[in-house]
Colleague: 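This structure is in structure tokens; I'll ask about it shortly.
Just so you know, these numbers use all the heavy atoms, side chains as well, and skip hydrogens, waters and symmetry mates. We count residues from 1, following the sequence as given.
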Amino acid sequence: MAEDSDLERTEPASARKLEQAREQGNVPRSRELATLAVLLASVGVIAFMGLHMLRGLYGVMHSTLSFNAVDISTPAMMGRNLMQAGMDGVLLFLPLAAAVVVAAVVANLMVSGWVFSPKALEFNFSKLNPITGLARIFSWSSLAELVKALLKGGLIAGVAGWMIWVQREGILGLAAEPLEAAMVHFGQITLLTFLAAAAAFGLIVLLDVPFQLWNYQRSMRMTQQEVRQEGKEMEGDPQIKARIRSLQREAARRRMMQAVPKADVVVTNPLHFAVALKYEERSMSAPQVVAKGSQLVAERIKELAREHRVPIVEAPPLARALHRHAEIGETIPGALFTAVAQLLAYVHQLNRSLNPVLPEHWEVPPNLDPAAAREAV
């Protein structure tokens with residue numbers, strides 16, 4: 001089943017999955033790069049400070065192993081001397097320890113960048129499962145790591161052994177040299193051996209870093225089902241989105257219908273469109289569309305207008321133009337000001353019971369009336 005699952009994972013990892021993996025502390029790592037960085041840092045510190053460290057160590061050992069009558073008769077004094085020697089030794093090797101830590105951190109940052117994951121520090125009981133642990137030990141991945149470790153160890157040991165063989169005469173001659181000169185000579189031999197081992201290890205790193213990046217991307221691959229599921233989670237289920245849009249349209253329709261009783265007039269194309277207009281001279285720069293609709297919605301607008309005694313005026317060209325070019329909650333287009341002014345004047349006279357005459361010609365530009373535009377074509 002695991003092999004079938006791996007074969008199904010044909011899609012590259014998405015940015016979301018990679019980000020979730022980083023949050024859990026799952027990032028690509030190269031142990032070989034970190035080891036090489038630590039090795040080079042150690043060699044660098046020893047090369048520049050090795051003689052100083054050896055002399056300091058010699059001084060600490062000389063002072064610690066030297067006793068007088070007072071020291072022997074006062075045990076507390078010997079304890080203080082031993083504690084002071086320990087502190088001096090720590091300070092002496094502190095640069096080396098700091099360089100090793102910095103090198104290890106920088107090496108990991110080069111591969112995976114900065115990652116701080118509290119989830120990686122959480123206690124996981126599943127890691128204590130002995131069956132799972134045995135499965136990891138005897139897995140193909142563990143076998144590959146074992147083979148790689150043997151090859152790595154063999155290569156480095158071979159290079160180090162070859163360097164020692166090449167410098168065998170100098171190593172044998174150390175016994176005949178004065179102590180200080182022998183220490184310097186031994187440091188040089190050790191430094192050359194370290195550099196040769198680091199060069200051999202560098203070949204391993206050049207192969208390991210690209211392999212770890214490739215293997216990480218491979219392990220993070222997704223199935224097509226996972227890609228589709230993630231798309232739904234990111235963009236939302238189409239059915240849910242359709243339901244949300246439906247509810248939004250229904251809520252907007254209810255708000256629109258609630259505005260019809262407050263309208264000043266409803267202009268209609270008797271069989272198709274209805275547009276409700278409102279104009280307050282003190283608060284509005286121009287009349288606004290508070291509701292509009294076609295077919296059944298238009299019929300509902302007209303029903304509400306009749307129930308609340310809102311004037312209904314049949315003006316087909318104006319109704320068609322307003323329905324096409326004016327949005328709910330917005331003022332009417334400037335090109336329709338004249339026609340709407342005719343309409344409002346008619347309604348004003350109608351409200352005063354002056355028996356107005358409905359205009360025979362509405363001042364609607366032909367390019368704004370869909371019917372007139374079709375006839376022109």
Side-chain angles (χ1 to χ4, degrees), residues 12-13 15 17-54 89-122 124 127 136-137 139-164 187-221:
K17 183 172 183 179
L18 293 175
E19 184 62 28
Q20 290 176 340
R22 289 182 66 86
E23 291 175 358
Q24 297 174 358
N26 183 9
V27 293
R29 292 184 178 89
S30 175
R31 297 179 181 177
E32 277 65 30
L33 179 60
T35 304
L36 177 62
V38 169
L39 183 61
L40 291 177
S42 302
V43 170
V45 172
I46 292 173
F48 287 100
M49 302 184 62
L51 186 59
H52 169 73
M53 293 170 65
L54 287 174
V90 170
L91 292 176
L92 191 63
F93 287 94
L94 186 60
L96 178 60
V100 168
V101 172
V102 171
V105 172
V106 171
N108 284 292
L109 290 178
M110 291 173 62
V111 177
S112 58
W114 173 258
V115 178
F116 177 73
S117 175
K119 294 182 180 179
L121 301 177
E122 295 178 356
N124 189 352
K127 294 182 179 179
R136 285 198 300 267
I137 292 174
S139 64
W140 286 107
S141 177
S142 298
L143 179 60
E145 289 295 326
L146 175 61
V147 172
K148 187 170 65 173
L150 292 175
L151 293 176
K152 177 176 62 178
L155 176 62
I156 296 175
V159 171
W162 178 74
M163 286 297 298
I164 293 174
Q188 293 174 349
I189 294 174
T190 303
L191 178 60
L192 289 175
T193 305
F194 266 62
L195 289 176
F201 206 81
L203 297 176
I204 299 174
V205 171
L206 290 176
L207 298 175
D208 184 69
V209 172
F211 171 77
Q212 293 297 338
L213 295 174
W214 171 82
N215 192 47
Y216 177 77
Q217 292 294 334
R218 177 176 174 274
S219 67
M220 296 299 292
R221 286 186 306 188

Colleague: Minimum heavy-atom separation for V159 to A200, with atom names?
Modeller: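 Closest approach of V159 to A200, heavy atoms only: CG2-CB, 3.6 Å.
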Colleague: Looking only at heavy atoms, which two atoms of A107 and A34 are closest? And how far apart?
Modeller: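 So the two residues come closest at CB-CA, 3.7 Å.
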Colleague: Of all heavy-atom pairs between V45 and A99, which one has the smallest distance, and what is that distance?
Modeller: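 Minimum heavy-atom contact is CG2-CB, 3.5 Å.
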Colleague: I need the full list of salt bridge (charged side-chain N to carboxylate O under 4.0 Å, His left out) pairs touching residues 189-203, with sequence neighbours left out, sorted by first then second residue.
Modeller: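 Of all non-adjacent pairs touching residues 189-203, none passes salt bridge (charged side-chain N to carboxylate O under 4.0 Å, His left out).
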Colleague: Just how far is it from atom CH2 of W162 to atom OG1 of T193, taken to the nearest 0.5 Å?
Modeller: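 Atom-to-atom, W162:CH2 and T193:OG1 are 10.5 Å apart.
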Colleague: To the nearest 0.5 Å, what is the distance between CG (L192) and CD1 (I164)?
Modeller: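 So the CG of L192 and the CD1 of I164 are separated by 12.0 Å.
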Colleague: To check you understand the geometry: which heavy-atom pair defines the closest contact between A103 and A41, and what is its length?
Modeller: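 Looks like CB-CB, 3.6 Å.
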Colleague: Let me confirm one number: the OG1-CZ distance from T35 to F201, rounded to the nearest 0.5 Å.
Modeller: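 CZ of F201 is found 4.5 Å from OG1 of T35.
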Colleague: Enumerate the residue pairs fulfilling salt bridge (charged side-chain N to carboxylate O under 4.0 Å, His left out) with a member in residues 93-109, sequence neighbours excluded, ordered by first and then second residue.
Modeller: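 Every pair satisfying salt bridge (charged side-chain N to carboxylate O under 4.0 Å, His left out) with a residue in residues 93-109: there are none.
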Colleague: If you compare all heavy atoms of L40 against all heavy atoms of A198, which two are closest, and at what distance to 0.1 Å?
Modeller: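 For L40 versus A198, the nearest heavy atoms are CD2-CB, 3.7 Å.
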Colleague: Taking all non-hydrogen atoms of both residues, which atom of A104 and which atom of V38 are closest, and how far apart?
Modeller: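 Heavy atoms only, the tightest pair is CB-CG2, 4.0 Å.
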Colleague: Measuring from atom CG of L203 to atom CG of D208, what distance do you get when rounded to the nearest 0.5 angstrom?
Modeller: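 The distance works out to 12.5 Å.
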Colleague: Could you check if a side-chain atom of R218 sits within less than 4.5 angstrom of a side-chain atom of N215, using non-hydrogen atoms only?
Modeller: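 Yes, their side chains come closer than 4.5 Å.
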